Amino acid sequence: MENKLLVSYSPHIHAQSASVQRIMLDVILALMPAVLFSFYLFGIGAIIVTVVAVASAVLWEWLIAKYLLKRKPQIWDLSAALTGLLLAMNVPSNLPIWMVLIGTLVAIGVGKMSFGGLGQNIFNPALVGRVFLLISFPVAMTSWPVPLKSRMSYLDAVTGATPLGIVKDGVRNGEKISDLMHQIPSHMQMFYGVMGGSLGEMAALLLILGGIYLIIRKVISWHIPVSIIGTVFLFGGLLWLINPEKYPDPLFQILTGGVMLGAIFMATDYVTSPMTPKGKLIFGVSIGLLIVIIREWGAYPEGVSFAILIMNAFVPLIDKYTKPRVFGTMKTKKQN
Amino acid sequence: MPEYKLLTFPKGGVHPPENKLTAGLAIEQFPIPSKVYIHVQQHIGVPAEILVKPKERVLTGQLIAKAKGFVSANIHSSVTGTVFKIDEIYDASGYRKTAVIITPEPEDEWAEGIDTSDELRTDIDQFTPEQIIQKVKEAGIVGMGGATFPTHVKLSIPEGKKCDILIINGVECEPYLTSDHRLMLEKTEEILVGTRLLMKALKVERAVIGIEANKPDAIEKMTEAAKKYEGITVQPLKVKYPQGGEKQLIKAITGREVPSGGLPIDIGAVVQNVGTTFAVYEAVMKNKPLIERIVTITGKDLERRGNFRVRLGTMVKDIIDYVGGLPEGTGKVVLGGPMMGKATKTLNVPVGKGTSGILLMRREETKRKEVLPCIHCARCVMVCPQGLEPYLIMSLAERGMWDKAEEAHAQDCIMCGSCSFVCPSNRPLQDYTQFARNTVMSIMRARKNK
Amino acid sequence: MATKVKSTLFSMTLTLLIVTAVAAGLLAIVYKYTKGPIKEADLKKEKMALQQVLPEFDNNPIAESDTIPSDIEGDSFKLVVFPAKKGDKLVGVAIKTFTMKGFSGRFDVMVGFLPDGTIYNSIVLSHQETPGLGDKIDPEKSDFSKQFAGKNPATFKLEVEQDGGDVDAITAATISSRAYCDALQRAYNAFKSLDLSKYEN
Amino acid sequence: MGTNLLIILIAAMLVNNIVLTKFLGLCPFVGVSRKLSTAAGMAGAVIFVMTIATIITWLIQEYVLKVYDLLYLRTIVFILVIAALVQMVEIIIKKVSPPLYQALGIYLPLITTNCAILGVAILAADTVEFGLLEATVFAIGNGLGFALAIILFSSIREKLDLNDVPEGMEGVPIAFVVATILSLAFMGFSGLA
Amino acid sequence: MSAILIAIVVLAIVGVVAGLILYYVAEKFKVEEDPRIDEVEEVLPGANCGGCGYPGCRQFAEALTKTDTLEGYFCPVGGNDVMATVAEILGLEAVEQEKQLAVIRCAGSSEFRPVTNEYDGPSNCAMEHALYSGHTECQYGCLGHGDCVAACEFDAIYMDPVTNLPVVVEEKCTACGACVEACPRDIIELRPVGKKSRRIYVACISEDKGGITAKACKVGCIACGNCEKACDFDAITIENNISYIDPGKCRLCRACAPVCPTESIWELNFPVRRSIPSNKVKPKKKPTT
Amino acid sequence: MAKEKNNRLEIFLKGFIKENPVFIMLLGLCPTLGTTTSALNGLGMGLATLFVLTMSNFVISLIAPYIPSKVRIPSYIVVIASFVTIVDLVMHAYAPELYKALGIFIPLIVVNCVILGRAEAFASKNNPWDSILDGLGVGLGFTMSLTILGAVREILGAGEIFGINLHIFKGDGILVFVLAPGAFLVLAYMIALGHKLKKRMYGE
Ligand SMILES: Cc1cc2nc3c(=O)[nH]c(=O)nc-3n(C[C@H](O)[C@H](O)[C@H](O)COP(=O)(O)O)c2cc1C
Ligand SMILES: Cc1cc2nc3c(=O)[nH]c(=O)nc-3n(C[C@H](O)[C@H](O)[C@H](O)COP(=O)(O)O)c2cc1C
Ligand SMILES: Cc1cc2nc3c(=O)[nH]c(=O)nc-3n(C[C@H](O)[C@H](O)[C@H](O)COP(=O)(O)O)c2cc1C
Ligand SMILES: Cc1cc2nc3c(=O)[nH]c(=O)nc-3n(C[C@H](O)[C@H](O)[C@H](O)CO)c2cc1C
Ligand code: SF4
Ligand code: SF4
Ligand code: SF4
Ligand code: SF4
Ligand code: FES
């Protein structure tokens, strides 16, 4: 066997920097500031939920791969850990452990491994887990601990409503937004991240920093985050101009809820987003529109998860109709 | 650094580490080996017909196999010696093909009419275009940029087509390789005369020599020298692989796109490699057939590297032994560059007209890593200079869905390997796109013939 | 067993004629015998609801029921009033009321008042509120509706605590709770406008 | 009036999507969704037949069954009408426009036993507030909802064909997992109308 | 009673009207189509394997209804029985075809054919073949990635994990030819089943010269000519450095196999020879599954 | 004779696993998903279908020889629809709660592919006795599948079975399972399981 020459197709070299593990690690690193900040805000509950989610996501992936699919487990690509982490950032910090376990099981088991594991899934696994939880346990999933209030308690944390919830409920009840303003934090507070909500809804600033890191590292391109945030801002702004008492202002729209987390970390998931810049823009703009539509006219105060999941379903279609132009073919010629 | 605007092609491309370890090493003559193995097919097209028999004595530059049909090329003996036998020997394709094996004598005895002096000859006016093409044909010149397409065919513009620009490809965008670079530095004038000859043959007024910006010395020297020659300009290009790809090069320089399924001549361009151009010079001005070429021999662990002028038919093994033998831990021997070259299964393979380099790679540097599922990161899509979706073509090829592969334009792949290079999941994309390209093309050809 | 009969216009028409006629005849007969029980079944729910929201009675409130207009126009929005008597004495009045403010739109509630206006009991008749959330207005799912028993809207403010009322809302289903109050309030308003004496004899 | 119709349309199409929340028309949804092109054909056929069937059955209900107190015969009459209608459409298209038949025709027989058609006809007839116009819009909305679901679904299945779905989950099971998540995602529309 | 009558009348009217309209429409818009296509398709196996040379059973059925002779039309999966039924439906003469089976004409297991270099690409015969001559010195032999196994719709081939060569399961093989098509090296041949399923063939297709073959593989045909001489029926020819046994001429006399110095002639399903020369013990053979 | 008995048994049993209408043949999916919010609803729907299936199989096998082939389907549909209407009326009268829970899916039994499928594939070609057996077998297989599905959804979604609280959840259970997505989810994995079972019991 000694020194047999290798023969393969070209190329015979490979970019050193490119590996799945490295990419996932980059995303996890980019999330870290926001994660640590949420630990600071929510204390022990946040730590428990995060650790349990990450560990269980990895464990589920390992168990399912090994015993159900009988494939070699690929937990070191870190994608399961990332899914767990993102799920943790999408739930309240006082969510009971057993619900977290169900969430990661659904995310990994239903959302990812049923499709064949990494890269095969159609929908964002973490969001599948989150929406499953939201619909299964609406009470637990919508009682948000108040930041900084009960950092040393887990299940019995003091809870309050999210700014979006307050506005939605108020408007539904016929109140004016200007009357509701005193109940919700200021824009600056939101930007720094002190408000009720899930772990990852905090700290727009830190999430944006993470996003910039990812763009610089070329892990993600700007198209999806910018188009989502831009669309929410513009469409939200339009509504606000039409009736500022019924629709909150555009800054409020982009700083609250999961817009930042969703736009920067979740809609950008390669597996479940379109391939080409054009496709990404269509994807992002549609998500932005859906977010505002669901927020303003739907039942749920927040629409990011649904918007992303719905658009995930459109990705194969978008990919089909936004192929790059093949060199040497006319621009007008349609491909199918 | 002089100021110039760097042109490039618009979409895709990668930046592999350049590793031009031999750029500073002047061309050396490689000694005549103990045997030469000359394949009768060193070009795209029909194998040439053998004219010699075992035991026959042949002279350097003597025609030993004659082109058969139009798309074919003459083969000449690269040494003086006795035909040992005619046998099947591995060639770069990895299959055994017919070759004339010659036992050389130590001293060259050149065939009649060949001018072996180093003197520069520029009197091109004595030749008509037809004579130039005829000489190119006789000399058995094929494209030395890698494709080994018979040059006289390329120079014979088909009825109804018109060529208005000649592009000389001095890009050498492959990492490691430096043979074209050295040639441009050392044979500057010859290449320019060759360019004039090609211009004349093609009846064009304009020629552009494209050189990547990582060879400033060559750009400077060529630019300087080109001032003397009418209609020739040098165009520096951005360092980006595959800048030297014909279609990309034409796009960068002229802004025109070779239509999918078409040839450069469809948009009035012809591209020739600098090595080819030099060979044309020698063939026309010196009557010298194509019997040797510049080969870069390189590799990180090699004791002695260099750019050698090698007689065609010299065994790779002989060359490697000459530079110190195969280093410990060598995993791959590549004929050509690391992006497009062919790995060989054996060292018993001779240098052919298309062998631009011999690259020795460490096993750990080149051994493929575990293939993971595609994570749809779109990197392959973004780097493909041809606007293809390699991940998709690979999936389709894996499942034998050739009709869909054709819809996905697999036939337009130029096999540059950029996609495989960047894939974080180590997917063998180029393997499949190349396979799909070839399969789809043969399906398309079969359909057309029907 | 292949078909023996050829498809001709005549055979086809005849077959269809026979098949449909037999089917129709059969169904008509079944219908004749189930018509009664079906009507009964449809009323059963109302009857049972009345028994739950009213103190014991011995008349047939359905037979004596009456409608009064609500604040929303339209036939299907009229409230139905069921007087319950024991002997000749009016022991209570049930009102079939509704709200449009449910999370999933309209739902109907049967509420029983004692003659002094105190709520005896209330029960939701049909709703489409979300399982696990709004459906807790159903007494089978939670005790929410029981908090109204014995309260008199004259003194007990029929609004959820968030809005400054006395009603303890269902967690995470404020909307349904609010809507329930709305239905009761509508019934109470109607009750107040009733001339109870007209049932007394 | 206009907004009312719009609400009916959106509700039927998105909020109460016929396939994803009402579970009607699942047989073609699963059976004819392997390829995008066939799914689109099926979608077209369903929209067409659903609309016409709803109009006709609504008229029959209103002007025959109600008049003669024959509501208990509704099931049987509706299904007969639908079956005849489908067959008639099929025969006519086959003759009049062979290309259209190529595109739609093969799905038409499947539609007779597609409970979405009968289901929508019954639902439209059952909803007391609906006049003919509303019923028609309702049918169109449901048809569009079906079309949306099946087209999305088939494009996803085409993609899944290129994926490495585990043994045992291939085909229908994974398709239902997709339906699960689609239906979860569509819950986001709740409350829109 | 009148309610019942109304019901009957209304429903009967609906039924009859529907029936009449349909009848009328059907008559008016009649389209002719050869009904035999459906019938033929019905009797075809429906494997859609392409063994007949058409993309699928339906297309084959269409072709059959259009032809006037069954010469050249054959469904390998259904075999003669099905073709007879088809002939009956179409009123044509049935054409019998001898049943065939796939045989693997390469015996170069890893034991006999050393690996000389390492193929570092996708496990796929066609791709390795397109790239180069393969990871052994034999440029004709089996590459062992099992393209043929993947192509077989009937699970009739599997890779032997020891020899790394494909093995045909005779009971399952329908001679559809999918594997023949799939093998980039043309190693697989469909041969007539033969009496009692006995077959003799050369398990090598190497056209390399004897010396090269011998170096590359211990069981390769070196074209020595012994078998050609041993055959009394002119069934064996040697061309391009390879021996081939013509099944049409072979009488299964077994004269050739013992004289082959490299044991490249394989005999399937014969009884054990009474006296086996000690140096002529065959490599493992008849696949039993 | 013994063989025939075996055959009859086979006719009866195949509906449970080998040709289970829901998990293997994927027929009648709409009622399967639409009515299985609880075990009881599943059972009720299953029994209603069972009745229609058996009766229509019986009647159709009787009349099949006398029906011209062109009006075959309409005639069968009328037969099936009649039995459906009978179920509808009877259930409305005597089991109003269940009637309400099953809602639109009762008239939709008409278009349940299982029924027309059996009529076409079996009843029209076999004698009445076998057809009844077939109807019973397939119907029971259908009922079994619906009940199982309903039970799983009820247990997971509400922590109850046939309305009896199992006290496995502190609160309400995993609500999704009584909603639309849960129906798809449970069915997805049940089908995968069904195929696995079939493979194990009958080979390929
Ligand atoms: C099959 C084939 C036919 C070609 N025919 C012509 C031709 O007729 N005229 C011409 O100018 N070039 C022709 N070419 C040459 C190509 O245009 C191109 O220069 C050659 O393939 C080398 O390009 P490359 O190294 O980028 O692959 C042909 C090439 C191939 C492979
Ligand atoms: C990806 C790719 C990269 C190439 N790079 C070079 C190059 O760097 N230099 C070069 O001369 N030819 C290169 N070629 C070959 C050219 O496309 C073209 O065939 C050649 O310049 C034609 O000249 P010739 O016929 O004289 O070889 C490359 C081809 C491809 C497909
Ligand atoms: C899918 C969904 C269904 C809901 N169903 C109900 C419901 O039936 N009744 C209800 O009052 N609220 C329901 N809600 C919650 C309301 O949207 C709103 O958040 C809540 O009533 C007000 O919150 P609070 O009760 O915690 O103050 C539902 C929410 C969602 C997202
Ligand atoms: C930029 C980026 C974003 C990602 N976002 C998510 C996410 O939102 N949810 C998730 O489960 N995994 C996410 N992943 C991890 C991984 O891609 C995902 O688990 C795959 O969908 C699994 O096949 C992300 C990965 C990258 C590189
Ligand atoms: S698909 Fe072909 S042209 Fe595109 S990057 Fe890959 S090898 Fe290059
Ligand atoms: S580069 Fe690799 S992982 Fe990324 S899309 Fe292409 S094939 Fe998939
Ligand atoms: S072994 Fe070959 S010929 Fe035989 S059935 Fe399989 S693919 Fe067809
Ligand atoms: S016989 Fe052919 S297809 Fe089969 S494994 Fe060998 S090389 Fe591959
Ligand atoms: S049961 Fe609904 S379409 Fe078949």
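For clarity, every value in this text was computed on a predicted model and none was experimentally measured. Throughout, a chain's letter reflects where its sequence line sits, starting with A, and its residues are numbered from 1.
Using a 4.5 Å cut-off between heavy atoms, B/Met339 contacts chain A through both its backbone and its side chain. Neither the backbone nor the side chain of A/Pro274 comes within contact range of chain B; no heavy atoms are under 4.5 Å apart. Using a 4.5 Å cut-off between heavy atoms, B/Pro428 makes no contact with chain A at all. With a threshold of 4.5 angstrom between heavy atoms, B/Pro16 approaches chain A through side-chain atoms but not through N, CA, C or O. Using a 4.5 Å cut-off between heavy atoms, B/Leu372 contacts chain A through its side chain alone, with no backbone atom that close. Heavy-atom distances place the side chain of B/Asp412, and not its backbone, under 4.5 Å from chain A. Only the side chain of B/Lys369 comes within contact range of chain A, with at least one heavy atom under 4.5 Å from a heavy atom of that chain. If you measure heavy-atom distances from B/Leu392 to chain A, the contacts under 4.5 Å come from the side chain alone. Neither the backbone nor the side chain of B/Ser418 comes within contact range of chain A; no heavy atom of the residue lies under 4.5 Å from a heavy atom of that chain. At a 4.5 Å heavy-atom cutoff, the contact between B/Tyr391 and chain A is made by side-chain atoms alone. Within the 4.5 angstrom heavy-atom criterion, only side-chain atoms of B/Leu326, from C-beta onward, approach chain A.
In this structure, the side chains of A/Ile13 and B/Phe421 come closer than 4.5 Å at one or more pairs of heavy atoms. At a threshold of 4.5 Å between non-hydrogen side-chain atoms, the residues B/His409 and A/Thr329 count as touching. Under the 4.5 Å side-chain criterion, counting only non-hydrogen atoms from C-beta, A/Lys72 is in contact with B/Glu370. Residues B/Met340 and A/Pro11 form no side-chain contact, since every pair of their non-hydrogen atoms from C-beta on lies 4.5 Å or further apart.
A donor-acceptor distance shorter than 3.5 angstrom exists from the side chain of A/His12 to the backbone of B/Gly341, with no hydrogens or angles considered. A donor-acceptor pair under 3.5 Å is absent between the side-chain atoms of B/Gln386 and the main chain of A/Phe327, judged by distance alone.
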